[in-house]
Amino acid sequence: MSDLLDVTVDQGTALLTLNDPGRRNIISGALVDDVCTAFDNLEADPAVTAVVITGAGSAFCAGADLADLLAAADGDSAGVRRVYDGFLRVARSPLPTVAAVNGPAVGAGFNLALACDVRLAGASAWFDTRFLKIGLHPGGGHTWMLHRLVGPQTAAALVLFGERLDGAAAAAAGLVLRCVPDDELLTAALQLAGRTQGVDPELVRRTKQTLRTAGDGRSHDDVLADETREQLWSLGLPDTRERLDAFRKGLGG
């Protein structure tokens, strides 16, 4: 691990802080390596139940390293594909993820926010695809992730017409769960992620997988079958009976 990513874990919630504020936390090869290593380690720890991602300084993530883009323009696409590896590693994690977007989320940095399960925005946050502005077709699954969150019209406004959304507008568009004052952002994100504490870690991961596949064009019957199988599995967890008994007694049953 380099100094480009700060990782802390407290009571099952991991906080990953992109730590290259002098370059506005751009996605470099070294940062990608750190992100991938961090997720490998966190996923191997059964005590970790959720991850919050934010940026140091005034930016969340200002996009890809321009050196990688220029190299791709000269025919070497390895750097661009490596940029993809960073946010795709986040998207493919079985751990629930929350992006605490504290400033600009641009291009590949926007993709990093989109890769998280939930996004919270500070009042100073803003979202800009910027791909067409610098002569690039969107990449890394940007259009798919954006379209499924905000719908075709808002996605078109952002991608084709260069619309930029601040935190409040992003919340109104459904791009983020909510917008909060800057000084409350990290606390709000950690509190949200912390709600997974006390839940069996494997139950959390399996439920995320069910949510992930439920919206993939599958039928109600297919999802029902998956949920039935997983719910029956969860009934065998060590503390499930205790929880059910406690709820029943609390209801006077």
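Values reported hereafter were calculated over all heavy atoms of this structure, with side chains retained and with hydrogens, waters and symmetry mates removed.
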Open item on the list: Counting only heavy atoms not in D3 (residues, nucleotides, ligands), do more than 12 fall under 6.0 Å from its CG?
Closed with: no
Task: Atom pair CG/CG of D239 and L203 - distance to nearest 0.5 Å - done: 9.0 Å
Open item on the list: With heavy-atom distances below 4.5 Å as the criterion, would you say the side chains of R148 and L114 are in contact?
Closed with: no
Open item on the list: Would you say CZ of R81 has more than 12 non-hydrogen atoms from neighbouring residues, nucleotides or ligands within 6.0 angstrom?
Closed with: no
Open item on the list: Please determine whether the number of non-hydrogen atoms from other residues, nucleotides or ligands lying under 6.0 Å from atom CZ of R241 exceeds 12.
Closed with: no
Task: Minimum-distance pair of heavy atoms, taken over all atoms of V98 and A189 - done: CG1-CB, 4.1 Å
Open item on the list: Any side-chain to backbone donor/acceptor pair from D182 onto A123? Under 3.5 Å, distance only.
Closed with: yes
Open item on the list: One pair to check against salt bridge (Lys or Arg N to Asp or Glu O under 4.0 Å): E43 and R89. What are the steps and the verdict?
Closed with: CA-CA 11 Å; E43 290 168 10; R89 183 66 184 83; 2.8 Å; yes
Open item on the list: Ignoring hydrogens, what is the shortest heavy-atom contact between C179 and A168? Give both atom names and the distance.
Closed with: SG-N, 3.6 Å
Open item on the list: Any donor-acceptor pair under 3.5 Å linking the side-chain atoms of T210 with those of E227?
Closed with: no
- [ ] Write down the atom of M145, the atom of N111, and the distance for their closest heavy-atom approach.
- [x] CE-OD1, 3.7 Å
Open item on the list: Out of the candidates L158, T154, T129, only one should pair with E163 under the side chain to side chain contact (heavy atoms under 4.5 Å, CB included) rule; please name it.
Closed with: L158
Task: Inter-residue atom distance S93.OG - L88.CG, 0.5 Å rounding - done: 12.5 Å
Task: Closest contact, heavy atoms only, A59 versus N102 - done: O-ND2, 3.3 Å
Task: Spacing of L18 atom CG and T54 atom OG1 [to the nearest 0.5 Å] - done: 7.5 Å
Task: Value rounded to 0.5 Å, distance of OG in S234 from CZ in R229 - done: 12.0 Å
- [ ] Locate the shortest heavy-atom distance separating A50 from A193; write the atom from each residue and the value.
- [x] CB-O, 3.6 Å
- [ ] For residues V90 and F39, determine if any side-chain heavy atom of one lies less than 4.5 Å from a side-chain heavy atom of the other.
- [x] yes
TODO: Measure the CZ-CG distance between R178 and L192 for me, rounded to the nearest 0.5 Å.
DONE: 6.0 Å
- [ ] Please name the residue in the list F110, Y84, F127 that meets the ring-ring contact (aromatic ring centres under 6.0 Å, His included) test with H142.
- [x] F110
- [ ] State, to 0.1 Å, how close S58 and P104 come at their nearest heavy-atom pair, and which atoms those are.
- [x] O-CD, 3.3 Å
